[in-house]
> 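One structure follows; several queries about it will come next.
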Protein chains: 2
Amino acid sequence: MNLKADRGAATRERVLAIATRLFAERGYDDTSIETVLQETGLSRGALYHHYAGKDALFEAVLEATESAIGARIADAVRGVADPAAALRTGALAWIRLAGDPVIRRVVLIDAPSVLGWERWRAMEERYSFGMLKAALKAAGTVPREHLDVYAHMLLGAINESALLVARGGATATAEAAVEDFLNRLLKTP
Amino acid sequence: MNLKADRGAATRERVLAIATRLFAERGYDDTSIETVLQETGLSRGALYHHYAGKDALFEAVLEATESAIGARIADAVRGVADPAAALRTGALAWIRLAGDPVIRRVVLIDAPSVLGWERWRAMEERYSFGMLKAALKAAGTVPREHLDVYAHMLLGAINESALLVARGGATATAEAAVEDFLNRLLKTP
DNA sequence: GAAATTACCGACTGACAGTCGGTTTGTCTA
DNA sequence: TAGACAAACCGACTGTCAGTCGGTAATTTC
């Protein structure tokens, strides 16, 4: 079980890479399985052997993307001791990452409606949202009982500004505004 | 031009009401035009005579919904003199409205991906976002150059908590958290 | 009363996601 | 090492759906 398993894994990876590009370029709806087949050179049967359906393929793309984002933000934050500063650094890193069309289209726009809010939230929990909540807790300026709602609101706010930047807004202004926003929020009242 | 125009308008309204219900119950993708035809008793040709396509129908539904939301929030805020208080009142009203499945599904989940971020933003600008920005400006505690980004972040935050409540989260906790959130944000630094 | 406009009809088309009964090709075991 | 087994891969086929188009009927306009 080696040559064969490897071939399967390689195929899955190839499909994933191509599907990622297509989903980012055209969005979920305007990407046909037909196109994925053409670009990968695979047959219908082969594709459906590896991925249960179009949603499953999208979910795999999303999972890989979220994972990559998580790693890059973790990199940016590494070595920042102060929790509030880490939160700020992480948020700014995330905003800059949102310039990437894959992240914008796949993660910020299509994911909630394709997966449904439930599954989308579950995935976010494992990645960006989870990190954010932990950081917020470490900062210690938010009452325990509001932690969850706060983390949601904060993520919503940051994602929204990320979309704004991604849409061609002024990056510098947005970053300054986000810093200001966070400073106000994280101050002990 | 009366009997005829009236009949047309009545048909459009009937379709709109039924489509609204279907989109809210099943979401955009899982609502087929076929079903709309069955439930309205209309023919294909007639439907496409009134609405250019499925997106156009959805957009009409969204427009009507947003307009209704705007009116209800304006109602809630009417008579509140202090801008900051009005902002708080409006935000809480919005969160409560988000319990409605039509609003949750159509406005918060499907709209961005069906219309595309561009057209979605343009519509929000005319309704909730426009109101929010005006209120924020009136409050006067946010630097002018950050007003736009701030309004976006705030709307993102509020929408997110609205989704949380709509998904069955604790309403009271969420409302308290939102109040706290807004209080921190609106304080002059 | 004729021309124009509007509401409405339904068969048809093309695109697409997903299915299914295969064949081929490595892998494990008796 | 033969033969069972499973995984990778194939492509014709099906059902569903959005959208089109050449109509008819009814009403308004001139």
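Reminder, nothing fancy here: chain letters follow the sequence lines and each chain counts from 1. All heavy atoms count here, side chains included; hydrogens, waters and symmetry mates do not.
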> D:dA26 C1' sits how many Å from B:Asp6 CG, rounded?
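So the CG-C1' distance, B:Asp6 to D:dA26, works out to 15 Å.
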> Which whole-number value in Å describes the distance from A:Arg14 CZ to D:dA8 C1'?
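Rounding to the nearest Å, CZ of A:Arg14 and C1' of D:dA8 are 12 Å apart.
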> List for me each residue that meets salt bridge (charged side-chain N to carboxylate O under 4.0 Å, His left out) alongside A:Arg121, sequence neighbours excluded, and say none if there are none.
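Partners of A:Arg121 under the salt bridge (charged side-chain N to carboxylate O under 4.0 Å, His left out) test: A:Glu125.
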> Nearest whole Å is fine: how far is D:dG11 P from A:His49 NE2?
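One finds 16 Å between P of D:dG11 and NE2 of A:His49, rounded.
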> Not counting sequence neighbours, list each pair that qualifies as a salt bridge (charged side-chain N to carboxylate O under 4.0 Å, His left out) and has a residue in residues 81-104 of chain A.
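Residue pairs passing salt bridge (charged side-chain N to carboxylate O under 4.0 Å, His left out), neighbours aside: A:Arg88-A:Glu179, A:Arg96-A:Glu175.
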> Do B:Asp75 and B:Arg78 meet the salt-bridge criterion of a basic N to acidic O distance under 4.0 Å?
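Between B:Asp75 and B:Arg78 there is a salt bridge, with a charged N closer than 4.0 Å to a carboxylate O.
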> Give me the residues of residues 17-27 of chain B where at least one heavy atom lies under 4.0 Å from an atom of DNA chain D, by number, or none.
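None, since no heavy atom is under 4.0 Å.
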> Where do A:Asp110 and A:Gly27 come nearest, in terms of heavy atoms and distance?
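Closest heavy-atom pair between A:Asp110 and A:Gly27: OD2-CA, 3.4 Å.
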> For the side chain of A:Thr89 and the backbone of A:Val77, is there at least one donor-acceptor N/O pair under 3.5 Å apart?
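Checking the backbone N and O of A:Val77 against the side chain of A:Thr89, no donor-acceptor pair under 3.5 Å is found.
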> Please state how far atom CG in B:Leu37 lies from atom C1' in D:dG19, giving the value in whole angstrom units.
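About 11 Å, once rounded to whole Å.
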> Under 6.0 Å from the CD atom of A:Glu25, do we count more than 12 heavy atoms belonging to anything else shown?
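Above 12, so yes.
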> What integer distance in Å separates A:Arg12:CZ from D:dA7:C1'?
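Rounded to the whole Å, the gap is 10 Å.
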> Between side-chain atoms of residues 34-42 of chain B and protein atoms elsewhere (two or more places apart, or another chain), which donor-acceptor pairs fall under 3.5 Å?
from: B:Glu34; atom 1: OE2; to: B:Arg44; atom 2: NH1; distance (Å): 3.2
from: B:Thr35; atom 1: OG1; to: B:Ser32; atom 2: OG; distance (Å): 2.7
from: B:Glu39; atom 1: OE1; to: B:Arg21; atom 2: NH2; distance (Å): 2.5
from: B:Thr40; atom 1: OG1; to: B:Val36; atom 2: O; distance (Å): 2.7
from: B:Thr40; atom 1: OG1; to: B:Leu37; atom 2: O; distance (Å): 3.2
from: B:Thr40; atom 1: OG1; to: B:Leu42; atom 2: N; distance (Å): 3.3

> Rounding to an integer number of Å, can you tell me how far A:His50 NE2 sits from D:dA7 P?
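One finds 12 Å between P of D:dA7 and NE2 of A:His50, rounded.
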> Could you check how far CG of B:Leu47 sits from P of C:dC9, rounded to whole Å?
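So the two atoms are 11 Å apart, to the nearest Å.
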> Extract all donor-acceptor atom pairs below 3.5 Å that involve side chains of residues 56-71 of chain A and protein atoms in other chains or at least two apart in sequence.
from: A:Glu59; atom 1: OE1; to: A:Arg119; atom 2: NH2; distance (Å): 2.6
from: A:Glu63; atom 1: OE1; to: A:Arg126; atom 2: NH2; distance (Å): 3.4
from: A:Glu63; atom 1: OE2; to: A:Arg126; atom 2: NH1; distance (Å): 3.0
from: A:Glu63; atom 1: OE2; to: A:Tyr127; atom 2: OH; distance (Å): 2.6
from: A:Thr65; atom 1: OG1; to: A:Val61; atom 2: O; distance (Å): 2.8

> Any side-chain N or O of A:Thr11 less than 4.0 Å from the OP1 or OP2 oxygen of D:dA8?
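Checking A:Thr11 against D:dA8: no side-chain N or O falls below 4.0 Å of OP1 or OP2.
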> How does protein contact run along nucleotides 11-21 of chain C, one letter per nucleotide 5' to 3', with B for base contact, S for sugar-phosphate only, - for none, heavy atoms under 4.0 Å?
B----SBBB--
> Students often mix this up, so state it plainly: with edges at 30° and 60°, are the rings of A:His146 and A:Tyr150 parallel, tilted or perpendicular?
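Parallel, since the angle between the ring planes stays under 30°.
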